[in-house]
Amino acid sequence: MHELIDHPCVQHKLAIIRDVDTGHKRFRELATEITKFICYEALKNIKVKETVVQTPVAKATCKKIDTDLVVVPILRAGVGMLEGILELVPTARVGFVGLYRDEVTKQPVSYYQRLPAQARGGTCIIIDPMIATGGSTVAAIELLKESGAAKIVVVCIVTCPEGLALVEGAHPDVPIYTAAIDDHLNEDKYIVPGLGDAGDRLFGTSQ
Ligand code: PRP
Ligand code: URA
């Protein structure tokens, strides 16, 4: 299952973040803003628990997010989405999965992982701006499943049919939320039109 967040407020920001003339400061701000909107949708089915709050007038039965929610950025570019989701769920725990795409094979190479114990049996939200071939997302999902995650949700900013097919084929139980499903991958396995190298644009390492 995947859901495209086609809201005008998201699509407007997406147009700016794609623009080659958007510098790293604005790119980071937009990544945070877009992530917040996508996660607002992606988190609509997370577990809540009832709690009773005393208002100045009476007792109110309310709902609070039932953590343990674990946010898992895929290093490095996933870090650019962390602030946005933590603004929505400040109590979430954070685990890190370090993966980079080998420049020649384009296959994900794992170099770091650190997950909170609550990932076992908990809900894990993987964040990464780009699902291109889908290899990195599949590797992260497999790691989380091996770690005992009960539920996994993926949030990205841009993906493409090839990436969706790989992830959904391997893990049909994992929903994907995205602001864009682009046209195709080029010969370098970059998303077209995409937004370029998300990590470089976020952290200013391209120029
Ligand atoms: C990018 C991106 C994803 C991956 C997507 O990371 O942030 O993790 O590529 O490609 P895939 O779907 O084909 O696996 P990259 O490997 O460039 O590392 P970085 O975040 O450290 O820049
Ligand atoms: N990683 C990126 O950052 N961008 C792409 O288009 C593909 C992989």
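When a ligand or atom number is given, it counts from 1 through the structure's own listing order. Values in this document were obtained by computation on a predicted structure and should not be read as measured data.
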- Using a distance threshold of 4.0 Å (strictly less than), state whether atom 1 (C) of ligand 1 has a protein heavy-atom neighbour. no
- Query: Between Arg201, Met130, Lys189, Arg76, which one has a non-hydrogen atom sitting closest to atom 19 (P) of ligand 1?
  - Reply: Arg76
- Item | Considering all heavy atoms, the nearest Gly80-Ala31 contact | O-CB, 3.6 Å
- Task: Can you label the angle between the Phe37 ring and the His7 ring as parallel, tilted or perpendicular, going by 30° and 60°?
- Result: parallel
- Could you tell me the residue and atom name of the protein heavy atom closest to atom 3 (O) of ligand 2, and the distance to it rounded to 0.1 Å? Ala198 N, 2.8 Å
- Item | atom 5 (C) of ligand 2: the protein heavy-atom neighbour that sits closest, reported with distance to 0.1 Å | Tyr190 CD2, 3.4 Å
- Query: Hey, quick one: are Val20 and Ile191 part of the same hydrophobic cluster, counting side-chain heavy atoms closer than 4.5 Å, chains of contacts allowed?
  - Reply: no
- Item | Distance from atom 6 (O) of ligand 2 to nearest protein heavy atom, with residue and atom | Ile191 N, 2.8 Å
- At under 4.0 Å between heavy atoms, what of Lys189 touches ligand 2? The answer is backbone
- Message: Determine whether Val153 and Tyr177 satisfy the following criterion, side chain to side chain contact (heavy atoms under 4.5 Å, CB included), listing intermediate values before the conclusion.
- Response: CA-CA 8 Å; Val153 175; Tyr177 293 83; 3.8 Å; yes
- Residues Arg26, Glu33: salt bridge by 4.0 Å N-O rule: yes
- Message: For a quick check under 3.5 Å, do Glu168 and His2 share a side-chain donor-acceptor pair by atom type?
- Response: yes
- Message: Could you identify the single nearest non-hydrogen protein atom to atom 17 (O) of ligand 1 and state the distance to 0.1 Å?
- Response: Asp197 OD2, 4.1 Å
- Item | Ser136, Cys160, Gly196: member with heavy atom nearest to atom 4 (N) of ligand 2 | Gly196
- Name the closest protein heavy atom to atom 7 (O) of ligand 1, giving the residue it belongs to and the distance to 0.1 Å. Asp128 OD1, 2.8 Å
- side-chain contact (heavy atoms from CB on, under 4.5 Å), paired with Ile127, selected from Val72, Val79, Val155: Val155
- Message: Just to check, does Arg201 reach to within less than 4.0 Å of ligand 2 when the distance is taken from its heavy atoms?
- Response: no
- List the closest protein heavy-atom neighbour of atom 11 (P) of ligand 1: residue, atom name, distance to the nearest 0.1 Å. Thr133 OG1, 3.4 Å
